[in-house]
Amino acid sequence: MAGGAALDGRKEKNDRSKERRMKHRCATTLHELNAVISQKNAPVIAYFRASWAPMCTQTDAILNQLVKDCPNVVFISIEAEESEEIVDKYEVASVPAFVSIEVSQQASPVRNVTRGQGGKKTGIIVGANAPEISKMAVQLDKKTSGSSAAPVTTRSHDEGATTAPLPLNQRLEKLVSREPVMLFMKGSPGAERCGFSRQIVSILEQQGVKYGHFDILEDEEVRQGLKEYSKWPTYPQLYSKGKLVGGLDI
């Protein structure tokens with residue numbers, strides 16, 4: 001997740017980091033994260049960000065508001081580029097991301113810190129979907145007073161909020177057929193986030209193919225589910241009339 005903006009904006013980044021530390025906790029290692037979790041018998045939301053990601057400016061503001069609105073939730077800010085072991089443990093592939101974490105009531109917090117196990121990931125929201133992020137925080141806040149919280153799943157920006165989400169396979173069927181040719185890639189055309197996605201976009205544009213696209217980094221549920229749906233373990237994936245054509249080998 002490296003980028004030149006991280007160096008050019010170092011002073012600004014440090015200033016923002018100081019401001020955030022005044023309002024909520026920060027962690028860069030699993031040991032630090034576990035130490036924070038063990039101190040509070042409360043649900044946790046870990047906020048993964050990066051200084052070079054423009055969307056994080058918006059989610060910074062969302063987080064600061066949630067800190068005020070949800071006092072029963074522990075919020076932890078994590079600089080993704082500086083916290084590789086936390087990113088790997090909670091399988092965060094892109095930023096911004098909000099991960100809800102719970103510690104087993106039967107587990108000893110001290111043992112968790114010693115072993116470096118951390119809490120259990122119970123949900124993830126990728127992107128700056130303020131209603132869904134707020135919903136996650138409010139549900140966890142209420143849970144401490146005995147209210148039950150519904151599971152939170154990652155949702156694509158372009159699908160919007162729905163009261164009854166479709167089963168995953170039905171979502172995937174609709175997505176792969178949304179356009180006559182659909183490309184599932186990392187990033188978007190002109191802002192690709194891996195070399196293979198950049199290559200396939202170049203091929204399609206050279207051939208004059210009109211296609212729709214979907215950024216799988218914005219929806220972890222789709223990213224993992226499509227691998228099983230298509231029996232194709234890698235990205236990009238190209239579909240024609242709802243049928244898998246292949247990947248970069250096209």
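Basis for what follows: all heavy atoms, side chains included, without hydrogens, waters or symmetry-related copies.
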Looking only at heavy atoms, which two atoms of V74 and A42 are closest? And how far apart?
-> CG2-CB, 4.1 Å
Would you check, one step at a time, whether the test ring-ring contact (aromatic ring centres under 6.0 Å, His included) holds for Y235 with F184?
-> CA-CA 7 Å; Y235 290 98; F184 292 82; 7.5 Å; no
May I ask you to decide if G123's main-chain N or O and S100's side chain share a donor-acceptor pair within less than 3.5 Å?
-> yes
Cluster check I76, V138: I/L/V/M/F/W/Y, side chain < 4.5 angstrom | no
Go through the steps for Q65 and D69 under the test side chain to side chain donor-acceptor pair (under 3.5 Å), then give the verdict.
-> CA-CA 6 Å; Q65 185 61 47; D69 295 342; 3.1 Å; yes
Would you please test F214 and V222 for side-chain contact (heavy atoms from CB on, under 4.5 Å) and show each step?
-> CA-CA 10 Å; F214 186 95; V222 169; 3.8 Å; yes
Report yes or no: does S94 contribute a side-chain atom to a donor-acceptor pair with the main-chain N or O of L217 at less than 3.5 Å?
-> yes
Okay, side chain of Q237, backbone of T234: is any donor-acceptor separation there less than 3.5 Å?
-> yes
Answer yes or no: is there an ion pair linking R49 with E79, defined by an N-O contact shorter than 4.0 Å?
-> yes
Quick one: does D215's side chain have a donor or acceptor within less than 3.5 Å of a partner on K186's backbone?
-> no
Say whether, by atom type as modelled, one donor and one acceptor occur between the side chain of K121 and the main chain of Y90 under 3.5 angstrom.
-> yes
Considering residues at least two apart in sequence or located in another chain, which fulfil the side-chain contact (heavy atoms from CB on, under 4.5 Å) criterion with S83?
-> T28, I78, I86
Q199 atom CD, neighbour heavy-atom count above 12 within 6.0 Å = yes
On a heavy-atom basis, the closest approach of P71 and D141 is N-OD1, 3.5 Å
Without swapping roles, check the side chain of N34 against the backbone of L30 for a donor-acceptor pair under 3.5 Å.
-> yes
Between L183 and V201, the two heavy atoms sitting closest are CD2-CG2, 3.9 Å
D219 and R171 ion-paired at < 4.0 Å = yes
Over all atoms of both residues, closest heavy-atom pair of P189 and Y211 | CG-OH, 3.4 Å
Taking every heavy atom of M136 against every heavy atom of F98, the minimum-distance pair comes out as CE-O, 3.7 Å
Look only at the side chain of R178 and the backbone of H213, and say whether a donor-acceptor pair between them is shorter than 3.5 Å.
-> yes
Show the numbers, then the answer: is there a side chain to side chain donor-acceptor pair (under 3.5 Å) between S202 and Q206?
-> CA-CA 6 Å; S202 177; Q206 287 175 9; 3.1 Å; yes
Examine distances only and state if a side-chain atom of T59 and a backbone atom of I62 form a donor-acceptor pair shorter than 3.5 Å.
-> no
Quick one: closest heavy-atom pair of G212 and E179, and the distance?
-> CA-CG, 3.7 Å
May I ask you to test the Y239-V245 pair for a side-chain heavy-atom distance under 4.5 Å?
-> no
Derivation of the side-chain contact (heavy atoms from CB on, under 4.5 Å) call for T29 and H31 = CA-CA 5 Å; T29 67; H31 181 79; 3.9 Å; yes
Would you sort out whether Y229 and Q224 count as a side-chain contact (heavy atoms from CB on, under 4.5 Å), showing the intermediate values?
-> CA-CA 9 Å; Y229 178 87; Q224 300 301 331; over 6 Å; no
Is the CZ atom of F196 crowded by more than 12 outside heavy atoms at less than 6.0 Å?
-> no
With side-chain contact (heavy atoms from CB on, under 4.5 Å) as the test, would you mind laying out the steps for L66 and I133 before giving the verdict?
-> CA-CA 9 Å; L66 290 177; I133 296 167; 3.6 Å; yes
Flag if over 12 foreign heavy atoms under 6.0 Å of CD, E85 = yes
Establish, from distance only, whether the side-chain atoms of E192 and S188 form a donor-acceptor pair under 3.5 Å.
-> no
